**Q** 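Quick one: the structure is below, questions incoming.
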Amino acid sequence: MARLLVTGGAGFIGSNFVHHVVQNTDHHVTVLDALTYAGNRASLDGLPEDRVAFVHGDITDAELVDSLFADADAVVHYAAESHNDNSLHSPRPFLDTNIIGTYTLLEAARTHDRRFHHISTDEVYGDLELDDPERFTENTPYNPSSPYSSTKAGSDLLVRAWVRSFGVRATISNCSNNYGPYQHVEKFIPRQITNVIRGIRPKLYGAGENVRDWIHANDHSSAVLTILDKGTIGDTYLIGADGERNNKDVVELILEQMGQPRDAYDHVTDRAGHDLRYAIDSTKLRTELGWTPQYADFESGLAATIDWYKANEAWWAPSKDATEAFYATKGQ
Ligand code: NAD
Ligand code: DAU
């Protein structure tokens with residue numbers, strides 16, 4: 001049994017990871033989360049108190065972080081400002097949390113010699129043409145486009161420097177777009193599902209040809225546990241489940257699964273600097289560590305996600321109006 005410290009464990013992927021750990025291991029989890037607009041304590045409801053502790057605090061608080069590292073065997077770092085659209089409007093919190101926050105954690109990992117796993121994104125590699133036969137690999141050069149992805153790239157480079165310069169026992173994973181329960185309604189899939197529930201037409205940025213490589217959050221969680229268990233210190237692993245789809249196809253599928261006409265959506269103002277396509281080659285993770293995704297059927301995963309949002313309106317309703325009001329100011 002290990003004691004895991006999970007930063008950002010009240011967010012979308014972090015909370016799915018905590019549920020996954022409780023269901024599939026005997027580890028004890030302490031969540032450190034600042035409960036920003038994106039964090040929701042209710043995402044951890046129902047978890048046993050003897051397995052999961054919650055600490056409300058900020059990853060830039062060095063004293064608090066130091067005390068929590070002292071009591072942990074390993075740390076999994078999910079906390080971040082995570083939304084590209086917000087980073088275009090207000091970049092500063094992305095620098096504070098993604099850069100200074102990661103630096104603060106790395107210093108504690110160094111002081112206490114703790115195993116550290118850094119959660120990152122495929123967006124650090126920039127984007128691909130629609131017809132490019134290549135996909136991102138661990139050797140693709142960094143080329144981030146947005147304030148969000150550039151701060152994630154910066155945080156990855158800090159981790160690599162702390163491994164090389166100070167011997168910190170860290171690994172990094174860069175994952176593609178996640179979907180599943182507990183995702184904030186600002187993000188593409190939950191925004192469109194909750195729009196349809198509310199009788200609002202889904203909103204597609206630009207022509208909708210942009211491609212994302214979708215993976216279920218549970219598959220992300222199993223990959224992270226595999227890397228924690230078997231990963232090589234200092235290495236980077238790409239996580240993906242061969243789930244490429246363009247945004248137009250995803251909106252049409254959501255409408256179809258929710259019993260609406262497939263064309264009942266609107267095209268709205270495109271995102272500035274909008275990355276065209278992401279695609280992950282996860283051969284290294286699969287061949288070296290033996291990981292395989294279990295939720296590779298996107299249609300059934302999406303149907304289950306739609307059911308979750310229908311059944312959990314109390315979870316997302318408090319964020320919905322403010323999110324749509326913000327998008328309305330951008331013509332989105
Ligand atoms: P999210 O926005 O849903 O959750 C982020 C969590 O971090 C929230 O609970 C928030 O309260 C917390 N947080 C933010 N700033 C904090 C701070 N200063 N101190 C402590 N807690 C703080 O994000 P997500 O989509 O779950 O993403 C989690 C991680 O996974 C991020 O590092 C993100 O870059 C990465 N990632 C996300 C995706 C995706 O598809 N969503 C894909 C690949 C990687
Ligand atoms: O690739 C991993 C990344 O995936 C993570 O690092 C980010 O944290 C996560 O937010 C996600 O980034 P994206 O920008 O790809 O996700 P988002 O849900 O914001 O948008 C997905 C696609 O849908 C993108 O092409 C923009 C488009 N979009 C988004 C919204 C909110 C729309 O067409 N309409 C919308 O209303």
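What you see is a predicted model; the values in this text were computed from it and never measured. Read the numbers this way: they start at 1 and go in the same order the structure lists the ligands and their atoms. Side chains are part of it too, since the values below use all heavy atoms of this structure and drop only hydrogens, waters and symmetry mates.
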**Q** Does His274 have a non-hydrogen atom less than 4.0 Å from ligand 2?
**A** yes
**Q** Compare Thr121, Ile119, Leu35 and give the one whose heavy atom is closest to atom 35 (C) of ligand 1.
**A**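 Result: the heavy atom closest to atom 35 (C) of ligand 1 is in Ile119.
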**Q** Going by the order shown, which atoms of ligand 1 are within less than 4.0 Å of some heavy atom of Ala79?
**A** 7 (O), 21 (N), 22 (C)
**Q** What part of Lys152 sits under 4.0 Å from ligand 2 if we count only heavy atoms: the side chain, the backbone, both or neither?
**A** neither
**Q** If you measure from atom 9 (O) of ligand 1 to every heavy atom of Asp33, Leu105, Asp122, Val76, which option wins on shortest distance?
**A**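 Ranked by closest heavy atom to atom 9 (O) of ligand 1, first place is Asp33.
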**Q** For ligand 2, which atoms have a heavy atom of Lys187 less than 4.0 angstrom away?
**A**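 The list of qualifying atoms is 10 (O), 18 (O).
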**Q** Give the numbers and elements of all ligand 2 atoms closer than 4.0 Å to a heavy atom of Tyr327.
**A**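 Within the 4.0 Å cut-off of Tyr327, ligand 2 contributes 31 (C).
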**Q** Heavy-atom pairs closer than 4.0 Å: do any link ligand 2 to the side chain of Asn84, the backbone, both, or neither?
**A** side chain
**Q** Out of Gly240, Ser82, Ser149, indicate the one that has the non-hydrogen atom closest to atom 2 (O) of ligand 1.
**A** Ser82
**Q** Looking at Glu313 and Lys320, is there a salt bridge between them, counting it only when a charged N and a carboxylate O are closer than 4.0 Å?
**A** no
**Q** Taking Glu324 first and then Arg191, would you say they form a salt bridge - that is, a charged N and a carboxylate O separated by under 4.0 Å?
**A** yes
**Q** For Gln192, counting its heavy atoms only, list the atoms of ligand 2 lying under 4.0 Å from any of them.
**A** 34 (N), 35 (C), 36 (O)
**Q** Of all the atoms in ligand 2, which lie at a distance below 4.0 Å from a heavy atom belonging to His83?
**A**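 Counting atoms of ligand 2 from 1, those under 4.0 Å from His83 are 19 (O).
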**Q** Considering the heavy atoms of Glu186, write down every atom of ligand 2 situated less than 4.0 Å from one of them.
**A** 31 (C)
**Q** Tyr278 heavy atoms, cut-off 4.0 Å: which ligand 2 atoms fall inside?
**A** 1 (O), 15 (O)
**Q** Any idea which atoms of ligand 2 are less than 4.0 Å away from a heavy-atom of Asp122?
**A**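 Heavy-atom distances to Asp122 below 4.0 Å select 1 (O), 2 (C).
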**Q** Check Glu123 against ligand 2 and report side chain, backbone, both or neither, counting heavy atoms closer than 4.0 Å.
**A** side chain
**Q** Do ligand 1 and Thr60 have nitrogen or oxygen atoms that lie under 3.5 Å from each other?
**A** no
**Q** Find all atoms of ligand 2 within a distance of less than 4.0 Å from any non-hydrogen atom belonging to Lys203, and give their numbers and elements.
**A** 32 (C), 33 (O), 34 (N), 35 (C), 36 (O)
